[in-house]
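Bear in mind the structure is a predicted one, so any value in this text is a computation, not a measurement.
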Amino acid sequence: MRNSTSLKQEFLKKWIKGLQVCNSSSEKKMTILERKKAIKMSADIAMASTRNGTTCWSRAVIANATESNRVVVERILGPHKSSRSVSSVMHKKILKKSRRVCSSRSRRVLMRKRDVEKTRSIAKRLVWKKTQVLKSLVPGGEFMEDEMCLIAETLDYIVSLRAQVDVMRCLATTTEFINGK
């Protein structure tokens with residue numbers, strides 16, 4: 001994973017470029033709602049483009065933005081670059097942990113074959129539910145079948161969101177300082 005400072009710097013450069021493109025692409029004065037959408041879209045595209053298409057979530061964000069505003073996205077990103085695939089590794093750590101879980105009625109009962117199957121079933125259902133929630137939160141997550149890949153994508157998405165928030169917070173603080181608050 002990249003250095004947080006370089007990620008923030010790259011995000012800020014691309015975000016400013018996106019804001020300039022959004023500002024220059026509108027012929028008329030934008031309403032507050034249009035400005036809000038332009039700021040959000042340029043921030044999302046800038047955040048996703050810092051990953052150079054190496055993650056599913058970044059490709060999904062760019063694809064969704066392209067559907068609604070292709071010209072602006074192309075002006076922000078420039079010529080389309082080929083994306084690299086992300087390799088993932090499967091393992092059964094969750095299933096191993098679920099075998100250790102005893103039924104809620106008694107922790108003292110030895111696990112028999114029936115208890116193992118019941119525990120496995122409960123664990124699979126819980127993991128499936130949590131996975132569905134996670135897939136709905138991460139852009140492009142609904143297309144990921146591999147849980148380990150989903151977790152890696154989620155962690156990368158969180159790091160990128162954190163960098164985006166830090167840059168925006170710094171920008172807001174600087175603006176307040178300049179305006180004399």
Side-chain angles (χ1 to χ4, degrees), residues 1-90 131 133-181:
M1 199 162 288
R2 280 201 320 222
N3 180 359
S4 177
T5 304
S6 68
L7 179 68
K8 291 175 187 177
Q9 288 173 345
E10 186 177 352
F11 166 74
L12 183 59
K13 279 193 261 183
K14 291 182 178 191
W15 188 36
I16 290 171
K17 181 180 178 184
L19 290 173
Q20 290 170 341
V21 167
C22 288
N23 190 33
S24 67
S25 67
S26 66
E27 294 81 31
K28 59 181 171 79
K29 190 170 181 163
M30 290 200 275
T31 66
I32 291 176
L33 183 60
E34 290 170 333
R35 259 186 280 167
K36 176 185 166 191
K37 286 181 180 179
I39 290 168
K40 181 177 179 353
M41 183 184 70
S42 61
D44 288 347
I45 293 169
M47 181 178 63
S49 67
T50 60
R51 292 301 187 210
N52 297 323
T54 58
T55 58
C56 291
W57 70 262
S58 64
R59 291 189 298 270
V61 166
I62 291 171
N64 289 340
T66 303
E67 286 177 10
S68 62
N69 211 336
R70 178 179 290 283
V71 175
V72 174
V73 172
E74 287 176 355
R75 287 180 63 193
I76 293 171
L77 297 178
H80 180 65
K81 298 177 182 174
S82 64
S83 60
R84 298 180 298 190
S85 64
V86 179
S87 62
S88 61
V89 179
M90 272 288 283
T131 303
V133 171
L134 198 55
K135 284 181 176 184
S136 70
L137 294 174
V138 177
E142 60 273 5
F143 303 112
M144 290 183 231
E145 296 298 324
D146 181 18
E147 285 88 6
M148 293 309 297
C149 181
L150 178 64
I151 290 170
E153 291 279 333
T154 304
L155 291 173
D156 189 72
Y157 185 57
I158 290 169
V159 167
S160 297
L161 286 175
R162 183 67 199 179
Q164 184 182 30
V165 167
D166 289 346
V167 168
M168 289 179 168
R169 186 176 288 142
C170 182
L171 186 64
T173 303
T174 304
T175 304
E176 285 179 4
F177 180 75
I178 289 172
N179 291 337
K181 277 194 165 184

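The shortest side-chain heavy-atom distance between Ile62 and Arg59 does not fall under the 4.5 Å cut-off. Residues Arg51 and Tyr157 are not in side-chain contact: their nearest non-hydrogen atoms beyond the backbone lie 4.5 Å or more apart. A heavy-atom distance below 4.5 Å is found between the side chains of Val159 and Leu7.
The heavy-atom pair separating Asp156 from Trp57 by the smallest distance is OD2-NE1, 2.9 Å. Ser42 and Leu19 get closest at one heavy-atom pair: OG-CD2, 3.2 Å. Residues Val167 and Leu12 come closest through the heavy atom pair CG1-CD1, 3.6 Å. Nearest heavy-atom pair, Lys135 versus Gly141, reported as atom, atom and distance to 0.1 Å: CG-O, 3.2 Å.
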Begin from the C-alpha positions of Met168 and Trp15 and carry the test side chain to side chain contact (heavy atoms under 4.5 Å, CB included) through to its verdict.
-> CA-CA 10 Å; Met168 289 179 168; Trp15 188 36; 3.7 Å; yes
Under the side chain to side chain contact (heavy atoms under 4.5 Å, CB included) criterion, do Thr174 and Cys170 qualify, and how do the steps go?
-> CA-CA 6 Å; Thr174 304; Cys170 182; 4.3 Å; yes
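Atom NZ of Lys8 has more than 12 neighbouring heavy atoms from other residues, nucleotides or ligands inside a 6.0 Å radius. Remark: Leu33 CG is packed, more than 12 non-hydrogen atoms of other residues, nucleotides or ligands lying under 6.0 Å away.
Here the side chain of Lys14 pairs no donor or acceptor atom with the backbone of Ile45 at under 3.5 angstrom.
Put simply, CG on Leu134 and CD on Glu142 are 11.5 Å apart, with the number rounded to the nearest 0.5 Å.
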